Amino acid sequence: MKTVMKLLLVGAALSAAVSSAHAEDKPNAEVMTSWTSGGEAAALNVIKQEFEKRGGVWKDSSIAGFGAADAAFQNRLVAGDPPTAKQAVIGLANADFVNQGLLSPIDDVAKAGKWTDALPKSIADLVSYNGQVYLAPTGAHGESWVFYSKEAFAKAGVSEEPKSWDEFFAALDKLKAAGIQPVAWGGQSWQETKVFNMILLTQVGIDGFLKIYVDKDKGDASTEGVKKTLDILGKLRAYVDQGAPGRNWNDATAMVITGKAGVQFMGDWAKGEFIAAGKELGKDYGCMLAPQSPGMVYVADAFSFPKIADATSQKGQTLLAEVAMDPAVQIEFSLKKGSVPMRTDVDQSKLDICAKKGLELMSAGKIVPDQALILSPQQAGALNDFVDEFWTNPSEDSTSGAEKFFAIFE
Amino acid sequence: MQAKRRRSPAATIALLPTWIAAIFIYIGTMVWSVRLSFTDSTIFPSSNYVGFAQYAKLFRTSRWLASLENVLIFGVLYVAGCLALGFVLAASLDRKVRFEAVFRTIFLYPYAMSFVVTGLIWQWILNPTLGIQATVRALGWQSFTFDWIVSRDMAIYTVVFAGVWQGAGLVMVIALSGMRGIGDEQWKAAQIDGIPIWRIYLSIILPQLGPALAASGMLLSMGVIKTYDLVVALTGGGPGTATEVPAKFIMDNLFERQNLGLASAGATVLVLSVVMAVVPFRYALSMRRRRR
């Protein structure tokens, strides 16, 4: 018994020594993200460097894979040992954490930094839950882009970007006739849902889009819009190759990079792949919004801050929130990650054409949120299932498809 | 037959931690999951009971129903395929072939691989634009078609292929060791009677391998319920829900879709189905033992 007590005492003394070594007065942050690919890690490094420059101690706990990082985070949160900060997608997925009282608000930082003036109103609304700011946004990704190979377009005799869906399909026919795979299709349900959303935006407009996803409106106009969307989506099946099911987005991007395929529907993170392959925007490849698009679908990243008792970590949370919203950091971060800065008041000269266009749309408020922002994770999952089922089942018509679509919200 | 076992206190004490672990960890978590399946838990456990609502929702979800159908097709064909192929492999190795050790290693090798690797390899082989179809077409047979993996009706069979390819080696090893335990006299006697070799295997060897094959069948069936990584790596559950399996449905709802209640309901249904399959089996066994 004595030896046990002794061991316990030694252990206690050791742990005290360790914690006192940590207990310098520096702001401390253990940051958990799923940003592990080349471009993502470089972007995170921008924040880290600035954080350390301002006297913080940074500890990286990145985990590859969004789902894996989420699962690890939830486990640590439940175990009462959360990291200082977690990368989160802005939206309803965080509402549960907030309502359970697991996140700490960063209202003071937001007020001091006048975030409401710097952010587009929709973003400012989305980072607030129950009237308080909980998330520090890092960057937004435009999702409704169409990337195309200039070489493939030239070979097929498509001289300019199609302005309407009719012109778009005509261009696809030309590509097909020239022996080029018209569409590089990523065959995973989340990718297909992004295409569905970008077509939906072109068919019902910004207000219609919000009416459907936010108000869950099932009116005639909404139903008609969904039907037309499904018609266009269904038409695309004819331009996709057999190897598409299950294909990763970056493999699809590679098809466009090598000129094997004409176009790819994807978010602006695809730019990272083109850049890594040494391709030049405007010369080798181009970016356009989906034809007839009145705006852009976006998804946005942020940091969330779990409730934590340790004072140095609390300081770390404050400092990290400030750093993430720093105008210079926002620009550097976006350049590395291929995203668009969240602040509308930043120096735009370094951004490429796509990012500039994205930022323009964002400041003009011509954006609609991705389903992750406005639907519960269950509903977002059901939407993925719906689109994937429709896409893989050519015998399904758009009328019964539209019925199934609105069943998601029940 | 057996002498009556004496309980030794030392053994009981040694097993105590195992008992505690079994009761609190296995049974406890199981009860906990069942409890959760009656609540409206989303990301965190809640204690708001909703009765059978999660089950009702579960059986209205087409993806879940598809996954049950798939796991049934997969389970039957996978276990049967592994047993049949494993037995044939074992029988051919049993003919005292040259380089037997080499073949044995080759056949068993897939089993040493993780399902994820198996899935990825077969994904490439079966992909119509990369694998077999593309290769044969490149050789000049332009109309050759092998696109099961992207077909809604056939995709589940490609999962069976990959699974059998991996699992047959295990059956082979077990069956082979069983065959080696069969005395030479039987062979000699059968050969003197002029019975063809295939007939010897089918009518004399196979019945004696019963217990060995039953054991491997049991091992394989337990893998069926858990099938997750193979499907994720091979098809991702697609096209559509053509290769969706219950374990994947549960995992998706547990984490990505933050739907603890529904996932627990799914898990409970799985446990119940296993119990329903095992109980009659155990009952039959115990009846047989008593009759002896």
Side-chain angles (χ1 to χ4, degrees), chain A residues 65-75 77-78 92-102 181 187-192 240-248 251 255 260-261 372 375-396 404 407 410, chain B residues 40-46 54 57 60-64 66-67 119-120 122-124 126-131 133-134 137 145-155 158 231-244 249 251-263:
Chain A
F66 193 77
D70 261 9
F73 176 65
Q74 285 166 27
N75 283 339
L77 208 53
V78 171
L92 276 184
N94 304 296
D96 250 359
F97 294 117
V98 172
N99 292 334
Q100 300 258 354
L102 292 165
Q181 185 60 50
Q188 293 163 335
S189 61
W190 66 270
Q191 300 183 49
E192 290 157 357
V240 168
D241 66 310
Q242 262 199 321
R247 183 183 284 144
N248 288 319
D251 294 336
M255 291 169 70
K260 275 191 201 127
L375 295 184
S376 72
Q378 287 108 296
Q379 288 172 334
L383 177 65
N384 280 347
D385 286 352
F386 159 74
V387 178
D388 196 32
E389 273 290 272
F390 180 83
W391 173 260
T392 54
N393 186 3
S395 57
E396 172 115 39
K404 286 187 190 162
E410 281 162 10
Chain B
D40 64 354
S41 307
T42 53
I43 187 167
F44 294 112
S46 102
Q54 298 284 14
K57 192 175 166 200
R60 272 203 318 269
T61 309
S62 61
R63 195 173 148 188
W64 171 256
S67 74
L120 280 177
W122 280 87
Q123 190 196 332
W124 292 325
L126 296 169
N127 187 311
T129 54
L130 296 173
Q133 178 176 313
R137 283 192 183 176
T145 305
F146 184 62
D147 56 357
W148 284 17
I149 198 168
V150 296
S151 140
R152 284 166 70 90
D153 301 323
M154 303 308 285
T158 64
V231 168
V232 169
L234 185 63
T235 60
T241 54
T243 54
E244 190 67 37
F249 179 93
M251 287 297 281
D252 282 358
N253 277 288
L254 214 47
F255 292 110
E256 194 185 307
R257 302 194 178 175
Q258 304 185 352
N259 206 342
L260 206 49
L262 192 67

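Within every chain, numbering begins at 1; the chains are lettered A, B, ... in the order of the sequence lines, protein sequences first and strands thereafter. Just so you know, these numbers come straight off a predicted model, no measurement behind them.
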Side chain, backbone, both or neither of A:N393 within contact of chain B (heavy atoms, under 4.5 Å): both

Drop me the distance from B:T129's OG1 to A:M255's CE, to the nearest 0.5 angstrom. 7.0 Å

On a heavy-atom basis, the closest approach of B:P128 and A:G243 is CD-CA, 4.4 Å

Among the options A:P245, A:G187, A:S189, pick out the one with the most heavy-atom pairs lying under 4.5 Å from chain B. A:P245

Report the option among A:D96, A:D385, A:D70 that has the most heavy-atom pairs separated by less than 4.5 Å from atoms of chain B. A:D385

With B:N253, which residues qualify under side chain to side chain contact (heavy atoms under 4.5 Å, CB included), at least two apart? B:F249, B:R257, B:N259, B:L262, B:A263

Sidechain-backbone polar pair: A:E389 side chain, B:T241 backbone, donor-acceptor under 3.5 Å: yes

Give, as side chain, backbone, both or neither, the part of A:A71 having an atom under 4.5 angstrom from any heavy atom of chain B. both

Heavy-atom proximity to chain B below 4.5 Å, by part of A:A382: backbone

Measure distances from A:Q100 to the heavy atoms of chain B and classify the residue's part below 4.5 Å as side chain, backbone, both or neither. side chain

Please lay out, stage by stage, how A:Q378 and B:T42 fare under the test side-chain contact (heavy atoms from CB on, under 4.5 Å). CA-CA 9 Å; A:Q378 287 108 296; B:T42 53; 4.0 Å; yes

Report the residues that fulfil side chain to side chain contact (heavy atoms under 4.5 Å, CB included) with B:P45, sequence neighbours left out, ordered by chain and then residue number. B:W32, B:L36, B:L260

So which part of B:Q133 gets closer than 4.5 Å to some heavy atom of chain A, the side chain, the backbone, both or neither? side chain

